[in-house]
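These notes concern the structure reproduced below.
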Protein chains: 2
Amino acid sequence: MALGDTTRLSLLSRLCEGRPLSISQLTEGTRLTRQGVTKHLAILERAHIVAKRRVGRESQYSVRPESLSEASDYLSRASRQWDQAIARLERLLEE
Amino acid sequence: MALGDTTRLSLLSRLCEGRPLSISQLTEGTRLTRQGVTKHLAILERAHIVAKRRVGRESQYSVRPESLSEASDYLSRASRQWDQAIARLERLLEE
DNA sequence: CATTTGCGCAACCTCCTGGTTGCGTGTGAG
DNA sequence: CTCACACGCAACCAGGAGGTTGCGCAAATG
């Protein structure tokens, strides 16, 4: 679950401000290493939540707005799984 | 999260049939070792979802009905966390 | 040109979860 | 008494997540 991590959610929120940011820029403001941030960005990219674009020597990341609805779907599916666990439990309770 | 595991939920459902079951009885029907089941039961016991009672050479486990509502609360809190993640995401979408 | 900056890659580390194996002990059955 | 069964304890293992370190390379800077 790419969005189950608060670090990634906060990186995503930085990107949601609009302008693309490089890895180093995204690293500022976190207590992580550049490599740590890189890994999280790779995960977000694999999930098609974020896009990478090489500009000169920088890797600029930007959010893919069209993907946010998918992300939202993903999260609500996750939420629904818990709802189902509750439902199962409540069925058990009735028996 | 004691109930976030499908193995534990299925053990719990076995116990919800009513009669107390020993570890060996609970192990039948799973593809796990007795020790694996024992660990899961210990987790359920620590979470006060299940009660252990030594009867002769057996350890009989039974579900604590009064705890199931707490368990349900717990699960809905988990579900709510995902809902909050969705909400956060949707706020970001608006900005 | 030399130096700095921004990266990518790979190895490594720690912690947690789910799971197994080995062994010792108490209990019940014959 | 003897033996098999049910269990507890502890050590161990594999995999994945989150993170860091070390190194090398390409682009910008002066």
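Per chain, numbering begins at 1; letters A, B, ... match sequence-line order.
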key: Interatomic distance where CD belongs to Q35(A) and P belongs to dC12(C) [whole Å]   = 16 Å

message = Please evaluate residues I49(A) and R64(A) with respect to the criterion side chain to side chain contact (heavy atoms under 4.5 Å, CB included), reporting the C-alpha separation (whole Å), side-chain torsions for both, the decisive distance (0.1 Å), and the verdict.
response = CA-CA 6 Å; I49(A) 296 171; R64(A) 314 177 120 187; over 6 Å; no

message = So T6(B) and R8(B), do their side chains get closer than 4.5 Å, heavy atoms only?
response = no

message = Could you tell me if the side chain of T30(A) sits less than 4.5 Å from the side chain of T7(A), heavy atoms only?
response = no

query = Taking only N and O in the side chain of H40(B), is any of them less than 4.0 Å away from OP1 or OP2 of dG19(C)?
reply = yes

remark   = What residues 55-63 of chain B contributes to the DNA chain D interface at heavy-atom separation below 4.0 Å is R57(B), E58(B), S59(B)

task = Answer whether the closest heavy-atom distance between the side chains of L12(A) and L3(A) falls below 4.5 Å.
result = yes

Pairwise side-chain contact, Y61(B) with L15(B), heavy-atom cut-off 4.5 Å (strictly under) = yes

key: side chain to side chain contact (heavy atoms under 4.5 Å, CB included) assessment of V55(B) paired with R53(B)   = CA-CA 6 Å; V55(B) 176; R53(B) 175 171 154 241; 3.9 Å; yes

query = If two hydrophobic side chains count as joined below 4.5 Å and joins carry through other members, does V37(A) share a cluster with I43(A)?
reply = no

message = Is the shortest side-chain heavy-atom distance between K52(B) and Q60(B) below 4.5 Å?
response = no

Main-chain N/O of S22(A) paired with Q25(A) side-chain donor or acceptor, under 3.5 Å = yes

request  = Run the numbers on L32(A) and H40(A) for side chain to side chain contact (heavy atoms under 4.5 Å, CB included), then give the verdict.
outcome  = CA-CA 11 Å; L32(A) 287 84; H40(A) 284 295; 4.1 Å; yes

note = In the 5' to 3' direction, the nucleotides of DNA chain D bounding the stretch that comes under 4.0 Å of a heavy atom in chain B are dC5(D) to dA11(D)

ask   = Where along residues 18-34 of chain B does a heavy atom come under 4.0 Å from DNA chain D, residue by residue in number order?
value = S22(B), I23(B), S24(B), R34(B)

